[in-house]
Structures are given as structure tokens and as C-alpha cells.
Amino acid sequence: MAGKRAAKVPLAAYERELLRLQTELVKLQEWVRTEGARVVVVFEGRDAAGKGGTIKRVAEHLNPRVAQIVALPKPTERERTQWYFQRYVEHLPAAGEIVLFDRSWYNRAGVEHVMGFCTKEEYQLFLRQCPIFERMLVEEGVLLRKYWFSVSDAEQQKRFRRRLKDPTRRWKLSPMDLESITRWEAYSRAKDEMLVHTDIAEAPWFVVESDDKRRARLNMIAHLLDSVPYHEVPPPVLELPRRPPSKGYERPPRDLQTFVPDHAASL
């Protein structure tokens, strides 16, 4: 975003538009399910760039049997000996499914490269193979969308400080996250190199300015919806059936069951 920094999106406007976009995401989901489409959305960016919060809003009202979040841990010893893309392939969608990658095969172009977790040869091989791999997905009919969440160094440090103080977010902060502060320029160079090799016509990168989390979420979801040629699928007509008359069933006495204590009564 060039020029003057935009004002933060007001909370009321954000919540109203988010609900509208999430309603459209449900329509997209039903289109994917009925048409047998396959959608892959890749979320990448620096630590604390807002990927996780955006993914949460995307998936909030979706059916987890249709839309799956994939956030893989570090590879096992066996996976290290496989073709690099192999463990990601098994998580790709079948017909009627959406997969949201919370980080993806691009780990090799970022953290693995910067932190020395892969060799230079493995890194260069990834940069050559990745465009081929993604072209294969697109040629196969997969709708692939790639989003890079861009956060400033000042905003990233603010978010890291908040995580340090917040016991509900402390788990999000790891020693490797803190290491990224001292390697800011190395990650910047890695990102630039990644874009040079993998920003291809068949699967371009879309950059999301994410210093304002509300704006980033709305912009990303709106773009995703605009990029997919979905249409509303009429829902089936449903009617609640009449409850049949009782045939003498009686509920067992309450003292035969163990109930959760009423914690709320103490508030």
C-alpha cells in the first residue's frame, strides 16, 4: 500500500462486512461441493503476519468435512527422505473439497532456507520444481490461490510483545519466531527470491498488506471470492417433521447420571 497509511477499519464496519463475506464463503463451499471443484489456498508470510487469524475467519462457518485446515509439523525422519512435495500431495483436495494451507511447501523457500534446515542444492531444486509442481496442479483443474501476508518489522515486534504478555497467545511464540527478528533482512531476501521464481502466470502470488488485521482479513476473503467463478446453489427445501405422539417413554431419574457442575452459577 503506497502513500499515506490507511486508517484502521472501524469495528462495526468490519464485523458487518466480515459476516457478509463469510456468508458468501458458505455459498462458495456449496458450489465447490456440488460441482466437485477442488480449491487450494496457500497462506504464507512472516511470523505474526496474521495468517492464522485470517484462516480462522475463513473457516469459521464452513463445514470441516468440506474445508480442511492443513498445518503440518516438522517432517519426520522418513518424510525427510521422500520427494519434498510428497507429504503435501497427500493433503490435496479431492472433488468437492477445500484445503487451506497454514504454511505450505513454501517452508523450503523461507524458514528452511534461512535457518539452514535444507542444503543449498535442496533449496535450488525447490525453486526449479515448485513452478512445475504448481502448473501440474492447475492443469489438473485445481483452483490454486497463494497469499503472502506482508507485515512491517515494527508491527511484527508489537505483536510479539503482546504474545509474550498474553497467556492465551503465549503458545504462538517460539524461540524460532524470536530468531526471525534478528534475521529480518535474510527473510526479506528469501521472500524476494521466492517471488522471482514462483510468481507464475498460472499461479500468481497475491500480497496482503496486514499491519491492520481487520483490513487484511476483509481484503483477502473478498479477493478469494472474486477470483473463483462460483454461483449460489439453491439449498434443498427442508421442513421440520411433526414430532410423533409419545409411546410411553420416561427419562431415567437424574440421580442416575453424572452432570457437569454448574460453574456458571458462581459467576
Side-chain angles (χ1 to χ4, degrees), residues 1-2 6 9 14 17-18 20-22 24-25 28-29 32 37-62 66-72 85 88 91-93 97-113 126-127 130-131 133-135 137-138 142-153 155-156 159 172 177 180 187-188 190-230:
M1 185 179 299
V9 177
Y14 163 73
E17 179 62 6
L18 179 62
R20 187 190 72 80
L21 292 172
Q22 288 176 325
E24 289 299 314
L25 284 170
L28 169 65
Q29 168 192 264
V32 166
R38 292 168 292 171
V39 177
V40 171
V41 187
V42 169
F43 294 80
E44 290 288 346
R46 295 179 186 272
D47 298 312
K51 301 180 299 297
T54 304
I55 294 171
K56 180 178 178 181
R57 273 66 181 186
V58 169
E60 188 171 6
H61 298 292
L62 300 183
V66 176
Q68 180 187 9
I69 300 171
V70 175
L72 298 183
F85 294 94
Y88 296 100
H91 294 280
L92 292 174
E97 294 178 350
I98 301 169
V99 172
L100 310 173
F101 277 102
D102 185 355
R103 294 197 182 279
S104 65
W105 46 88
Y106 282 100
N107 278 338
R108 175 136 296 177
V111 62
E112 289 190 18
H113 171 56
F126 170 83
L127 293 180
C130 185
F133 172 66
E134 292 181 351
R135 287 189 182 102
L137 294 181
V138 174
V142 173
L143 298 173
L144 175 60
R145 302 294 180 268
K146 304 185 305 191
Y147 293 97
W148 176 269
F149 284 72
S150 178
V151 65
S152 66
D153 53 350
E155 181 62 25
Q156 185 193 51
R159 293 176 185 178
K172 292 184 176 183
D177 295 332
S180 68
Y187 273 104
S188 296
K191 183 260 294 183
D192 293 343
E193 186 75 6
M194 177 193 79
L195 292 179
V196 166
H197 287 85
T198 64
D199 187 17
I200 58 177
E202 298 88 343
W205 276 104
F206 299 101
V207 178
V208 181
E209 295 282 3
S210 62
D211 275 11
D212 179 352
K213 288 184 178 181
R214 296 174 190 168
R215 185 180 300 275
R217 293 165 186 168
L218 298 180
N219 289 345
M220 180 268 149
I221 297 173
H223 181 274
L224 174 63
L225 291 167
D226 286 343
S227 75
V228 178
Y230 75 99

>> As a quick check of understanding, evaluate side chain to side chain donor-acceptor pair (under 3.5 Å) for Glu44 and Trp105, giving each step before the final call.
In response: CA-CA 10 Å; Glu44 290 288 346; Trp105 46 88; over 6 Å; no

Does [Y] offer a backbone N or O that forms a donor-acceptor pair with the side chain of [X] under 3.5 Å?
X      : Y      : result
Ser152 : Glu155 : yes
Arg108 : Phe126 : no
Lys146 : Ala203 : yes
Asp102 : Gly52  : no

Only counting residues at least two apart or in another chain, list the ones meeting side chain to side chain donor-acceptor pair (under 3.5 Å) with [X].
X      : answer
Tyr187 : none
Gln22  : Glu60, His61
Tyr88  : none
Asp199 : none

> Any side-chain heavy-atom pair from Glu97 and Val32 closer than 4.5 angstrom?
Replying inline: no

> Under a 4.5 Å cut-off applied to non-hydrogen side-chain atoms, are Ile200 and Arg135 in contact?
Replying inline: yes

> Taking atom types as modelled, is there a side-chain donor on Arg46 or Ser210 under 3.5 Å from an acceptor on the other?
Replying inline: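 There is no such pair between these side chains.
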
>> Less than 3.5 Å apart, any donor N or O on the side chain of Arg217 or Tyr14 sitting next to an acceptor on the other?
In response: yes

Side chain to side chain contact (heavy atoms under 4.5 Å, CB included) partners for [X], two or more places apart:
X      : answer
Val208 : Tyr147, Phe149, Ala216, Met220
Val99  : Val70, Pro93, Phe101
Ala67  : Leu62, Ile98

> What's the spacing between Ser104 OG and Leu72 CG if we round to 0.5 Å?
Replying inline: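 Nearest 0.5 Å value for the OG-CG distance: 9.5 Å.
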
> Looking only at heavy atoms, which two atoms of Arg159 and Ala48 are closest? And how far apart?
Replying inline: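 For Arg159 and Ala48, the tightest heavy-atom pair comes out as NH1-O, 2.8 Å.
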
Set of salt bridge (charged side-chain N to carboxylate O under 4.0 Å, His left out) partners for [X], sequence neighbours left out:
X      : result
Arg145 : none
Lys191 : none
Asp47  : Arg103
Glu17  : Arg20

>> If the condition is ring pair (Phe, Tyr, Trp, His ring centres under 6.0 Å), which residues does Trp205 pass it with, not counting sequence neighbours?
In response: Tyr106

